[in-house]
Amino acid sequence: MEIYSFENGFRVSLDPERGCLEEIVRGERKLNFGRVPFYSIKLRDREGKASIVSAGKGFFRSFHAGEAVYSHPEFDVKLSLSPQENTLRWRMEIKNKTDSLIEWVELMSFGVFGKLKDEPGGRGEILFPYNEGCLVTDMGRRNASPFPYIEPEYPSLGKYAVFPNMICSQFLAYLSQGDGIYLGMHDGARTTKHIDFRPEGDCIKLQMRAFADVGYGRDYSMPFDCVMAFFEGDWRDACGIYRAWFEENLPAGLTKISMNASLPAWYAQSPIVVTYPIRGKFDTDEMTPNGLYPYKNALPYLRELSRKTDSKVMALLMHWEGTAPWAPPYVWPPYGGTEEFTEFTEELHSQNMLLGVYCSGLGWTQQSSLIPEYNKEAEFEKEHLNEIMCSDPAGELRSEICTAQRKGYDLCPACGKTKEIVSGEIVKIAESGVDYIQAFDQNHGGNSYFCYSDRHGHIPAPGKWQQEEVNALIRRIFEKTESRGKGGKVLLGCESAAAEPFLANLKFSDNRFELNYYIGLPVPVYAYLYHEYVNNFMGNQICMTLSEEPYNYAYRVAYSFVAGDMLTAVLTDRGEISYAWGNDCFKARTDKESACTILKNLNAWRTGAGKEFLHCGRMTKPLAVSCGKNKFRCEDGREIEVDEVLTAAYEYSGKTVQFLANYNDKPVTVQTEAPVCVYDAKGNKVQSGVRETEIPALSAVMVASETQRAQSGADCAGRKSAE
């Protein structure tokens with residue numbers, strides 16, 4: 001038994017012979033549970049047959065000076081463990097004795113008690129960087145949700161817990177009674193990973209897997225540290241560990257918003273994003289024009305929203321494609337023709353409004369399920385396009401993406417033909433004068449899907465080549481638009497916020513935090529880590545994951561506001577506001593006047609006294625706030641409890657402020673742990689030295705402790721682009 005003790009009272013007992021972490025103890029309290037092998041390795045042979053081998057007693061050979069050696073029939077393993085401050089750093093080397101490919105390696109795995117704190121007899125919670133961040137407190141709920149643990153395989157599913165897709169960051173944490181265990185893969189190359197947790201026997205296993213990026217018969221040497229850190233605090237403290245590493249290891253080309261001269265002026269003007277389809281009422285509806293087509297029919301509703309919210313607006317179109325909705329890669333020309341579309345674009349711009357469009361990512365549509373006459377089978381056969389599709393190891397093609405809307409496959413971005421087709425189509429849209437293209441909708445986080453082909457020039461397994469090739473594709477799009485002098489300021493985005501390798505190139509994306517209500521409670525992990533570098537928008541709120549309380553929509557607006565996101569309204573064909581895009585979203589209406597009120601009141605902070613913080617600021621730990629509670633009943637019948645007031649703190653240019661957002665239709669009083677000054681959206685100090693603050697209905701206030709100063713109105717210091 002090897003024991004590591006740390007300054008903050010944590011003690012780790014390692015059993016190298018059994019290949020597990022025997023104990024993780026804080027004082028006298030044990031935090032782990034069960035014996036889980038601390039490493040596993042997946043091999044895949046040339047025929048595609050896979051096998052997984054894990055640490056165990058029969059394979060142990062020696063342990064000396066922090067190095068453990070294991071010998072399996074298939075490979076030899078050497079683990080290196082190094083204690084530093086309150087961390088234990090792990091690395092792995094594998095000598096491959098086979099002709100198989102090492103697909104992924106799993107390291108630092110351990111188990112915790114099999115029930116979480118919101119289950120009878122449970123304890124602890126898991127911080128999961130899924131869909132911008134979630135605290136999972138009930139394993140039964142997660143297991144029964146649409147987003148349970150799934151082993152990622154070909155063909156890919158968008159909901160896999162894969163980095164850099166739905167998982168935005170390379171870490172996971174377990175929290176219990178103020179104590180925390182952090183697991184992070186501090187990988188500057190940002191290779192593909194599976195980061196997740198699952199039931200295993202009587203425990204919950206936390207696991208971190210990295211795809212190895214090596215070919216058949218090759219050895220593997222881990223080029224980064226796997227970090228197990230022990231800390232006190234909450235989810236923000238776990239994020240702080242990762243953020244400290246991230247800031248020393250930024251992705252290539254990433255610049256803070258305050259210093260990014262390439263951003264268009266509107267990015268700092270906080271437009272409210274107004275999403276709506278011009279055909280049908282939901283994704284699988286009959287695709288006949290609705291009341292928002294012709295395009296100009298939406299203009300009165302957009303003007304009204306702009307007036308009532310005192311905000312710039314961006315119309316973000318769905319079902320606008322002239323081919324078929326959700327039928328990539330070919331989307332141009334737009335429905336109704338380029339002339340009508342161009343007239344609409346110019347009219348929006350003449351009225352100080354913006355235009356964006358949804359696209360559907362790196363998919364290939366053989367047959368549209370919505371527009372029967374859209375079929376590309378002949379082209380597919382004639383041009384041998386099977387050669388550029390993501391495949392399994394045997395070369396067979398399948399896809400599970402948007403099968404209700406289309407039948408087809410997934411394009412592999414490593415292929416030159418893929419880059420040619422996709423960039424060509426996106427450039428056509430950019431040159432039309434639109435301001436924003438959600439080019440990688442369906443590619444959650446921005447990444448491509450799994451491909452095992454040995455004919456595309458990449459390692460025949462998932463790996464870092466995926467994000468490298470997608471970024472190369474995006475750069476090609478930018479180069480084409482800039483060289484032609486058109487569309488140079490267009491922004492690109494994806495579904496779910498851009499994962500870490502894509503932060504520099506996908507600057508405005510459709511957040512999906514609301515999906516986390518299926519598995520737990522959303523927390524703004526993404527904003528805590530990346531807000532200084534990228535602003536996103538609230539998203540179209542697909543899947544109504546909270547029931548129809550009057551404050552459902554307002555609550556989610558308030559959540560997005562404190563998370564630093566720009567706000568969204570989903571428009572019906574009669575100009576009403578829907579609380580969620582989904583099955584017949586035109587029936588899911590919220591009170592329009594209340595919706596416009598909270599949008600106006602909260603966006604006033606983004607354009608007024610809170611601008612520098614909410615646009616360019618760095619999220620930090622807030623003052624503790626006491627307030628009442630509200631309850632929501634979710635689609636699965638479970639009830640969740642949330643604070644009456646949502647809050648977040650930001651620092652910028654030496655100043656720290658905190659925003660308190662009230663989504664209720666009545667004033668709410670809160671208490672802060674320290675005396676604060678209270679400011680209105682114009683930067684006026686309205687109270688000083690108070691611990692109790694009343695927040696008006698559907699509104700927000702900004703506070704700063706008396707030792708801090710708030711400054712209003714100025715644009716982010718150093719910002720080069722003209723406003």
Side-chain angles (χ1 to χ4, degrees), residues 132 243 247 254-273 309-314 352 354 356 435-436 489 491 493 497-498 503-504 506-511 513 524 526-539 557-568 599-620 622 646-661 679-683 700-704 708-723:
E132 294 82 60
R243 184 163 70 179
E247 290 175 341
L254 185 61
T255 304
K256 289 183 180 181
I257 292 170
S258 60
M259 300 301 294
N260 192 340
S262 69
L263 294 168
W266 63 259
Y267 197 68
Q269 296 167 358
S270 294
I272 290 175
V273 177
T309 62
D310 195 21
S311 300
K312 195 181 190 76
V313 300
M314 172 187 285
N352 196 32
L354 304 164
D435 303 284
Y436 169 64
K489 287 287 187 179
L491 289 191
L503 289 172
L506 301 178
K507 305 299 291 188
F508 195 58
S509 295
D510 187 322
N511 279 5
F513 74 89
Y526 192 95
Y528 203 88
L529 297 173
Y530 309 128
H531 188 262
E532 291 176 284
Y533 302 91
V534 61
N535 284 185
N536 293 301
F537 65 99
M538 178 179 161
V557 169
Y559 179 93
S560 292
F561 168 75
V562 298
D565 293 332
M566 299 187 211
L567 306 176
T568 302
L599 290 169
K600 176 181 178 179
N601 290 341
L602 298 193
N603 212 41
W605 285 105
R606 290 193 59 90
T607 58
K611 179 175 182 177
E612 57 186 358
F613 302 100
L614 291 167
H615 181 49
C616 300
R618 167 191 175 98
M619 191 178 279
T620 189
L646 304 183
T647 189
Y650 290 86
E651 57 185 17
Y652 183 76
S653 191
K655 303 178 292 291
T656 299
V657 300
Q658 186 164 337
F659 296 94
L660 305 169
Y679 297 83
D680 65 20
K682 294 182 179 179
V701 298
M702 184 174 77
V703 302
Q708 300 162 334
R709 293 182 60 200
Q711 178 177 311
S712 66
D715 194 13
C716 303
R719 180 71 182 273
K720 303 296 194 303
S721 59
E723 295 303 319

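FYI, the numbering just counts along the sequence from 1. Note that the coordinates shown come from a computational prediction; the quantities given were computed from them, not determined experimentally.
- Pairing each heavy atom of Phe659 with each of Gly610, the nearest pair is CZ-CA, 3.8 Å.
- The side chain to side chain contact (heavy atoms under 4.5 Å, CB included) search around Val562 returns Leu646, Ala648, Ala661, not counting sequence neighbours.
- Checked by atom type and distance alone, the side chain of Tyr267 never pairs as donor or acceptor with a backbone atom of Phe508 at under 3.5 Å.
- Contacts of Glu532 classified as side chain to side chain contact (heavy atoms under 4.5 Å, CB included), with partners at least two apart in sequence or in another chain: Glu247, Lys256, Arg618.
- Formation of a donor-acceptor pair under 3.5 Å by the Trp605 side chain with backbone atoms of Ala700 is found in this model.
- Considering only residues two or more places apart in sequence or on other chains, Ala649 meets the side chain to side chain contact (heavy atoms under 4.5 Å, CB included) condition with Thr620, Pro622, Gln658.
- Of the possible donor and acceptor atoms, one in the side chain of Asn536 sits under 3.5 Å from a partner among the backbone N and O of Ser509.
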| Going through the checks in order, is the side chain to side chain contact (heavy atoms under 4.5 Å, CB included) test met by Val557 and Met538? | CA-CA 7 Å; Val557 169; Met538 178 179 161; 3.8 Å; yes
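- To the nearest 0.5 Å, atoms CD (Glu612) and NZ (Lys655) are separated by 4.5 Å.
- By the 4.5 Å heavy-atom criterion applied to side chains, Asn535 and Arg606 are counted as neighbours.
- Under the side chain to side chain donor-acceptor pair (under 3.5 Å) criterion, Ser560 pairs with no residue, sequence neighbours left out.
- The NZ atom of Lys507 sits 5.5 Å away from atom CG of Leu254, with the distance rounded to the nearest 0.5 Å.
- With rounding to the nearest 0.5 angstrom, the CE atom of Met314 is 3.5 Å from the CH2 atom of Trp266.
- Under the side chain to side chain donor-acceptor pair (under 3.5 Å) criterion, Asp510 pairs with Tyr358, Arg512, not counting sequence neighbours.
- Remark: Tyr530 engages Phe246, Tyr526 in a ring pair (Phe, Tyr, Trp, His ring centres under 6.0 Å) (not counting sequence neighbours).
- Residues passing the ring pair (Phe, Tyr, Trp, His ring centres under 6.0 Å) test with Tyr650, sequence neighbours excluded: His531.
- Across every non-hydrogen atom of Ala498 and Leu503, the tightest pair is O-CD2, 3.6 Å.
- Between the Lys611 side chain and the Cys616 main chain, no donor and acceptor come within less than 3.5 Å of each other.
- For residues 258-270, the set of pairs meeting the salt bridge (charged side-chain N to carboxylate O under 4.0 Å, His left out) definition, not counting sequence neighbours, is empty.
- Looking at every heavy atom in both residues, Asp435 comes nearest to Leu354 through OD2-CA, 3.4 Å.
- Remark: side-chain polar atoms of Asp310 are not paired, donor with acceptor, to backbone N or O of Lys600 under 3.5 angstrom.
- Evaluation of the side chain to side chain donor-acceptor pair (under 3.5 Å) rule for Asp680 yields Asn684 as partners, not counting sequence neighbours.
- Considering NE2 of His615 and CD of Gln269, their distance stands at 9.5 Å, rounded to 0.5 Å.
- The minimum heavy-atom distance linking Ser311 with Thr309 is given by the pair OG-O, 2.8 Å.
- The two atoms that bring Tyr436 and Phe537 nearest to each other are OH-CE2, 3.8 Å, heavy atoms only.
- Applying the side chain to side chain donor-acceptor pair (under 3.5 Å) criterion to Thr568, with sequence neighbours excluded, gives no partner residue.
- Here the CG-CZ distance, from Asn603 to Phe561, works out to 8.5 Å after rounding to the nearest 0.5 Å.
- Arg243 is linked by a salt bridge (Lys or Arg N to Asp or Glu O under 4.0 Å) to nothing, counting only residues two or more places apart in sequence or in another chain.
- With sequence neighbours excluded, no residue forms a salt bridge (Lys or Arg N to Asp or Glu O under 4.0 Å) with Lys312.
- For the pair Leu599 and Leu567, the tightest heavy-atom approach, listed with the atom from each and the gap, is CD2-CB, 3.8 Å.
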